Amino acid sequence: MRSATTIFPDTPYSKIVFSAIRDLVQPDFEIPAKLKLDHSQKMDGLKLLSAIPAASVPLVFFDPQYRSVLDKQQYGNEGERQKSRAELPQMDDNTIKRFIYQIERVLMPSGHLMLWVDKFIVCRGIHFLLEGSALQLVDMITWNKGRMGMGYRTRRYSEHLVVLQKIPVRAKGVWRIHNIPDVWDEKIENGARNHTHSKPTGLQERLIEAVTNAGDIVVDPAAGGYSVLKAARNTERRFLGCDLLG
């Protein structure tokens, strides 16, 4: 992998705003009692997060089941077409805020939260979920799923991943991969879908590689189909996560 000084050979390193080198190191991490690395676990994500030491992990993925979206669907087609989604444990806004509070607590300085949202949340705005948080919105990636989803007017082919960073906000020495497109094409074939909220393993692998080092711990407190566990294994990272349904 080329370094920033290779890309800009005539520019002093101190003047370059990004680099292909990650110098942020995860602190020593002691696994909390009764939790297992690299396994699926059935438990409440808030309990898992509360057991993790403060400022100890570089990366958290969070894919909430937004109650607000399903509330809107009550006058639409929640019945049969969204039955599997509606049956999942749902989170109201206050619950999501509690998750974000705990995620900010466990993230090490300059660590990242990758927060999955759909178009309804993007249009509504996510800042209401960040009230009281110092996490900074630094980027967003649109996932083109390659399959048509729900929608009252236009039909949705995409979901969105909001990139948040704990202060101090910086990219240089933290985010080392700079060719990830902000529109990501990855189709999950029906045979590979093991969860209503299946997410693109390839994208998650690239993000893990961008903001962690080999051997670092990646956390997912609402793991669903455990695509983040698969991505962590594929990138030689460790995984700590859970789901209410196991």
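Positions are given from 1, in the same order as the sequence printed here. All figures in this text were calculated on a predicted structure; none of them were measured in a lab.
The two atoms that bring I100 and S133 nearest to each other are CG2-OG, 4.3 Å, heavy atoms only. Nearest heavy atom pair, residue H160 against residue K119, reads CD2-N, 4.0 Å. When all heavy atoms of S56 and Q26 are compared, the pair lying nearest together is O-NE2, 2.9 Å. Among all heavy-atom pairs drawn from P53 and F29, the shortest one is CD-CE1, 4.1 Å. Scanning all heavy atoms of the two residues, the minimum distance from S110 to P168 falls at OG-O, 2.6 Å. When all heavy atoms are compared, the tightest approach of M91 to P64 is SD-CB, 3.8 Å.
Residues W184 and N144 fail the side-chain proximity criterion, which asks for heavy atoms closer than 4.5 Å. The shortest distance between side-chain heavy atoms of V162 and L137 falls below 4.5 Å. The closest side-chain heavy-atom distance from L161 to M140 is not below 4.5 Å. Residues F62 and V228 fail the side-chain proximity criterion, which asks for heavy atoms closer than 4.5 Å. Residues L164 and V138 fail the side-chain proximity criterion, which asks for heavy atoms closer than 4.5 Å. Side-chain atoms of V57 and L240, non-hydrogen and from C-beta on, never get closer than 4.5 Å to each other.
Within a 6.0 Å sphere centred on CD of E186, other residues, nucleotides and ligands contribute more than 12 heavy atoms. More than 12 heavy-atom neighbours from other residues, nucleotides or ligands sit within 6.0 angstrom of NZ on K97. Around OH of Y101, the count of heavy atoms belonging to other residues, nucleotides or ligands within 6.0 Å does not exceed 12. In the displayed structure, I31 atom CD1 is contacted under 6.0 Å by more than 12 heavy atoms of other residues, nucleotides or ligands.
Side-chain polar atoms of T235 and E209 form no donor-acceptor pair below 3.5 angstrom. Side-chain contact, Q204 with S227: a donor N or O sits under 3.5 Å from an acceptor N or O.
Tracing side-chain contacts under 4.5 Å through hydrophobic residues (I, L, V, M, F, W, Y), one never reaches L24 starting from I217; they form parts of separate clusters. When hydrophobic clusters are built by joining Ile, Leu, Val, Met, Phe, Trp and Tyr residues whose side-chain heavy atoms come closer than 4.5 Å, directly or via intermediates, L207 is grouped together with I188. Hydrophobic clustering of Ile, Leu, Val, Met, Phe, Trp and Tyr side chains at less than 4.5 Å, counting indirect connections, unites I177 with L203. Connection of L37 to L107 is established within a shared hydrophobic cluster, with ILVMFWY side chains joined at heavy-atom distances below 4.5 Å, either directly or through further cluster members. Both L113 and I121 are part of a single hydrophobic cluster, where members link through side-chain heavy atoms under 4.5 Å apart.
E159 and K145 are joined by a salt bridge, as a carboxylate oxygen and a charged side-chain nitrogen come within less than 4.0 angstrom of each other.
Within the 3.5 Å criterion, the main-chain N or O of R170 finds a donor-acceptor partner in the side chain of Q165. Using a distance-only test at 3.5 Å, with no hydrogens or angles considered, a donor-acceptor pair links the side chain of R105 to the main chain of L49. The backbone N or O of R237 lies less than 3.5 Å from no partner atom in the side chain of D216, so there is not a single donor-acceptor pair.
Put simply, CZ on R238 and CG on L229 are 11.0 Å apart, with the number rounded to the nearest 0.5 Å. Atom CE in M43 sits 5.5 Å away from atom SG in C242 (nearest 0.5 Å). Here the CZ atom belonging to R147 is positioned 10.0 Å from the OH atom belonging to Y157, to the nearest 0.5 angstrom. Here CD of Q41 is found 7.0 Å from OH of Y226. Values are rounded to the nearest 0.5 Å. Between H112 atom NE2 and F61 atom CZ the span is 11.0 Å, to the nearest 0.5 Å. Atom CD1 of I52 is separated from atom CG of L35 by 7.0 Å, given to the nearest 0.5 angstrom.
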Check your understanding: Between D118 and R124, is a salt bridge (charged side-chain N to carboxylate O under 4.0 Å, His left out) present by the stated rule, with each step listed?
Key -> CA-CA 10 Å; D118 67 8; R124 180 183 176 187; over 6 Å; no
Practice item. Just do the salt bridge (charged side-chain N to carboxylate O under 4.0 Å, His left out) check on D243 and K42 with the steps written out, would you? Key: CA-CA 5 Å; D243 193 84; K42 184 176 182 179; over 6 Å; no
Exercise for review: In sequence, state the C-alpha distance, the side-chain angles, and the governing distance for V219 and L48, and then conclude on side-chain contact (heavy atoms from CB on, under 4.5 Å).
Suggested key: CA-CA 10 Å; V219 173; L48 179 138; 4.1 Å; yes
Exercise for review: For side-chain contact (heavy atoms from CB on, under 4.5 Å), just list the numbers for W175 and V163, CA-CA rounded to whole Å, side-chain angles, deciding distance to a tenth of an Å, and then say yes or no.
Suggested key: CA-CA 12 Å; W175 189 297; V163 182; 3.9 Å; yes
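For the side-chain contact (heavy atoms from CB on, under 4.5 Å) test with M114, the passing option among V60, I141, V211 is V211; the others fail. Of the candidates T212, D23, N213, N213 is the only one forming a side chain to side chain donor-acceptor pair (under 3.5 Å) with R176.
For the pair K199 and W116, the cation-pi criterion (under 6.0 Å, within 45° of the ring axis) is fulfilled.
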